[in-house]
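One structure is given below, encoded as structure tokens.
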Amino acid sequence: MTDWKVPLSDIDLGAAEIEAVTEVINRRWLTMGPKTEEFEQEFAHHHHAKHAVAVSSCTAALHLSYLALGLSPGDEVIMPSITFVATANAAVVCGATPIFADILSEDEPTIDPDHVESLITSRSRAIVVVHYGGYSSRMKEIMRVAEKHSLSVLEDCAHAPGVRYDDRHLGTLGATGCFSFFSNKNLSTGEGGMVTTQDDEIAEHVRSLRSHGMTSGTWKRHNERPQDYDVSEAGWNYRIDEIRAAMGLVQLAKLERANARRAELVARYRNRLNGIEEVRVAFDKYVGESAFHILPLVARDRATRLEIVVALTEARVQTSHHYSPVHLFQLYREQFGYKSGMLPRTESFASRQVTLPLYPGMKDDDVDFVTEVILDELQGKAGRSSRVGTAP
Ligand SMILES: *Cc1c(COP(=O)(O)O)cnc(C)c1O
């Protein structure tokens, strides 16, 4: 593994998580039980959600949400292509057809509600929004389009835990919200996920499908009089376990402060890069809360992007790319006939986007170092004239 001077992200785990996990091990009940219930209740409370159902990943959360919405072969699901492939894959395994809508702009790379509406057909069943980078999609417009055409909305909240939107939270506006606790996410348990919903039936259905479609869980059978269970439909084992739930509780308690620290770092990045015409930080004019999951930089052109990536890598700063557009992956080209050129704004954004380091433990000096490398590289080529603003 490369020894990065500034890594892309870093987990914030310490004594509290170790203590919580040790307690579970000492209590000797490992699979889904009381800690998981506590985690679900706390998570629901924190997001003002009626229900929260913990699962093994966000991919599982998406899959179970699609099933709970009744997605079946032939159905179309409209979603952005700027997302992690799981958003689309989980619909494909249900036999559905992903219909990709373009993003609004390079400054607001979330799904374009007008383009969504233009893609609706008699086969459309659902609209999926991805709150990219932790920034809300245009939920008011999306909900209006969905209501008008009687479609369900599903929120991929993998980047957006703990984000208020008006008097609600992201994840409680659509039929379900799907959260990820993968290692590099804002709230991390290694692997894990959560489905939030305001709908009692969906919650019950997801709970059942999470554990083989069984009518009673292991913990219940362990504690109550021996009883038989019934199986109402074929489900999966998408359960989380007590060790992860215990970590999740500690991480949830840290979330607000961690997101606030991310906000400070993003403000510093914006300030340092302000006025540099070759690059811009996305969501420049965004109003509202964000979980600031990643720092998406957009270069003027493909060559400038490459130049920045090379300079940062040489300076041992780790970068990433969010994302390779899903519609251009082989599966999506071959099975669904997508081609490059179909989503111009998405493709242009993806060809110029680079993700810079961002994590709560990052130091102000780290931001200064990263931005200096970028400024030196751009100025080395173009001269000082390209620098309009002066960083404090
Ligand atoms: C990480 C991620 C997922 C998948 O989450 P897992 O918990 O790894 O399954 C889905 N959608 C988006 C946008 C993601 O970033």
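None of these values were measured; they are calculated from a predicted model. Read the numbers this way: they start at 1 and go in the same order the structure lists the ligands and their atoms.
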Over 60° means perpendicular and under 30° means parallel, so classify the ring planes of H327 and F100, tilted if in between. tilted
Quick one: ligand 1 N/O to protein N/O pairs below 3.5 Å?
{"residue": "ligand 1", "atom": "5 (O)", "partner": "S180", "partner atom": "OG", "Å": "3.3"}
{"residue": "ligand 1", "atom": "7 (O)", "partner": "C58", "partner atom": "N", "Å": "2.9"}
{"residue": "ligand 1", "atom": "7 (O)", "partner": "S180", "partner atom": "OG", "Å": "2.7"}
{"residue": "ligand 1", "atom": "9 (O)", "partner": "C58", "partner atom": "N", "Å": "3.4"}
{"residue": "ligand 1", "atom": "9 (O)", "partner": "T59", "partner atom": "N", "Å": "2.9"}
{"residue": "ligand 1", "atom": "9 (O)", "partner": "T59", "partner atom": "OG1", "Å": "2.5"}
{"residue": "ligand 1", "atom": "11 (N)", "partner": "D156", "partner atom": "OD1", "Å": "3.4"}
{"residue": "ligand 1", "atom": "11 (N)", "partner": "D156", "partner atom": "OD2", "Å": "2.8"}
{"residue": "ligand 1", "atom": "15 (O)", "partner": "H159", "partner atom": "NE2", "Å": "2.9"}
{"residue": "ligand 1", "atom": "15 (O)", "partner": "K185", "partner atom": "NZ", "Å": "3.1"}
{"residue": "ligand 1", "atom": "15 (O)", "partner": "Y323", "partner atom": "OH", "Å": "3.2"}

Look at the rings of H169 and H48 and say which category their plane angle falls in: under 30° parallel, 30 to 60° tilted, over 60° perpendicular. tilted
Does D368 pair with R268 as a salt bridge, N-O distance under 4.0 Å? yes
Are a donor atom and an acceptor atom from the side chains of H46 and E256 found within less than 3.5 Å of each other? no
May I ask you to decide if the ring planes of H159 and H293 are parallel, tilted or perpendicular, using 30° and 60° as cut-offs? tilted
Please identify which of these residues, R138, K285, R345, meets the salt bridge (Lys or Arg N to Asp or Glu O under 4.0 Å) condition with E108. R138
